[in-house]
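Throughout, a chain's letter reflects where its sequence line sits, starting with A, and its residues are numbered from 1.
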Protein chains: 2
Amino acid sequence: MESTRDRLIAEATTLLDAGGPAAVTLREVGKRAGVSHNAPYKHFSGKQDLLAAIAARDLRQQSPAAGRRRRATPTEALRAALHRYVAWAVRHPQRFKLIFGAWSGDVAELYAAATEARAAWIELVVAAQDADELPAGDPERLMALLTAVAHGAADLALNGHLSRSGKGRANAQDLVDDLLDYLRG
Amino acid sequence: MESTRDRLIAEATTLLDAGGPAAVTLREVGKRAGVSHNAPYKHFSGKQDLLAAIAARDLRQQSPAAGRRRRATPTEALRAALHRYVAWAVRHPQRFKLIFGAWSGDVAELYAAATEARAAWIELVVAAQDADELPAGDPERLMALLTAVAHGAADLALNGHLSRSGKGRANAQDLVDDLLDYLRG
DNA sequence: ACCTGAACACCGTTCAAGT
DNA sequence: ACCTGAACACCGTTCAAGT
């Protein structure tokens, strides 16, 4: 059975995807969930808290630990996880922007989810290094480089800053592959 | 002499830097500029247009073509430009987020500024390739990889997703250097 | 051309009640 | 425990005037 809280989060997510945080008005969220315009205050301390709940949920769902499958090699597992990250960002731009936006107030849950995700990324990098498929060196730093490319490529793509035509044509996924190829030597 | 329009942009920028787009209220902007709460409408079609004016100005100021200096080698020139980009983002997070946010309405000026910036980046990459300091290949695609790292590293750093302690400690600038080192072989 | 002041439709948030 | 309805202070935007 779906609780009012779950329904509020679901409706808020729909509004977020459609028009960004500004489109998430507690009045409309309440209306769609079939409650009054300030019933949300009984479940969340305010709009920020409601948005944080969405961000924490998505950060957990999108963690590399979430969508694990068997791959031929450690590098292929890493590549698949990076591709999943980029695909998720391109598919849900507003959630992507939300998660990596400025956070104030109660960030404990978000922080925990981010830390967990980082650990999963490092694990993937270490496995690829152990298989001699990535250069040696501090895995945390190499992880940072890989996620920076995935993150940056996704954000640039979202905002139309990657060329969409001509010989320079590259999508965000291509850039991740380029980096992995360069790293493999 | 400073026009009302210039003063409005300046005050709006101050508010933006301090608290993001939500803190930029036309009422407060007008008040600080010494005019009524809707005088801004005589200079901009609305809040979006005022924010777009800030974004276009900053995009032009921050272009790699803007801060050019003589460097020992083409790679050092490229590295310096990437470092300038990252430093600017970390220094002005709200403007960085604004420029790479969702744009609706009159985006012509912004688009022109972005295209100009891309051309300047490509020039730097081509020079480094000609000096055999970067691998051959489509310069536009290599440029995309480099700017993706700079952009992504800056955004992750801004949101506290780069580790601040321990052996994995790396700031956004370090990641740019790491990529350039890997590319040089 | 540039600006003002009133007005309108919103929104987040608070509060006093209701069941 | 969960919800409602009125109310308050705000905000973007429009409009009719003013100089």
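As the counterpart of dA17(D), no nucleotide is assigned, since no Watson-Crick or G-U wobble pattern has both distances under 3.5 Å. The pairing partner recorded for dC3(C) is none, the criterion being a Watson-Crick or G-U wobble arrangement whose two distances lie under 3.5 angstrom. Checking dG12(D) for Watson-Crick or G-U wobble geometry (two distances, each under 3.5 Å) identifies dC8(C) as its partner.
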Are E28(A) and R32(A) close enough, and set up right, to give a salt bridge (charged side-chain N to carboxylate O under 4.0 Å, His left out), and what steps lead you there? CA-CA 6 Å; E28(A) 184 65 21; R32(A) 286 173 180 235; 2.9 Å; yes
Going through the checks in order, is the side-chain contact (heavy atoms from CB on, under 4.5 Å) test met by L145(A) and V149(B)? CA-CA 7 Å; L145(A) 177 61; V149(B) 168; 4.1 Å; yes
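Scanning both residues, A172(B) and L162(B), for their nearest heavy atoms gives N-CD1, 3.9 Å. When all heavy atoms of H161(B) and R118(A) are compared, the closest pair comes out as O-NH1, 3.3 Å. In terms of heavy-atom proximity, A33(B) sits nearest to R7(B) at O-NH1, 2.6 Å.
Using a 4.0 Å heavy-atom criterion, one finds that S36(A) contacts the bases of the nucleic acid, with or without backbone contacts as well. Residue contacts for V29(B): at a heavy-atom cut-off of 4.0 Å it reaches no nucleic acid atom on any strand shown.
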Identify all pairs in which a protein N or O lies below 3.5 Å from an N or O of nucleotides 14-17 of chain C, and state each distance.
unit_1	atom_1	unit_2	atom_2	d
dT14(C)	O4	N38(A)	ND2	3.0

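Rounded to a whole Å, the CG atom of L50(A) is 15 Å from the P atom of dC11(C). Remark: C1' of dA1(D) and CZ of R5(A) are 15 Å apart, rounded to the nearest angstrom. Taking atom NZ of K31(B) as the reference point, atom P of dG12(D) lies 14 Å away to the nearest angstrom. The NE2 atom of H43(A) sits 6 Å away from the P atom of dC2(D) (whole-angstrom rounding). For the pair K47(B) NZ and dC10(C) C1', the interatomic distance rounds to 14 Å; values are reported in whole Å. Rounding to whole angstrom units, CZ of residue R27(B) and P of dT4(C) are separated by 14 Å. Put simply, CZ on F44(B) is 14 Å from P on dG12(D), counting in whole angstrom units.
Heavy-atom distances to DNA chain D give each of A22(B) and V35(A) a nearest nucleotide, and the one nearer the 5′ end belongs to V35(A).
Considering D181(A), D178(A), D177(A) in turn, D178(A) is the only one that fulfils the salt bridge (Lys or Arg N to Asp or Glu O under 4.0 Å) rule with R141(B).
On the C1' atoms, dC10(C) is 13 Å away from dA9(D), given to the nearest whole Å. Across dC3(D) and dA16(C), the matching C1' atoms stand 13 Å from one another, rounded to whole Å.
The aromatic rings of F96(A) and H151(A) lie tilted to each other, with the angle between the two planes from 30° to 60°.
Each of dG12(C), dT4(D), dC3(C) was ranked by its minimum atom distance to the side chain of L26(A); first place goes to dG12(C).
Using a 4.0 Å cut-off, some side-chain N or O of T4(B) falls inside it from OP1 or OP2 of dC3(C).
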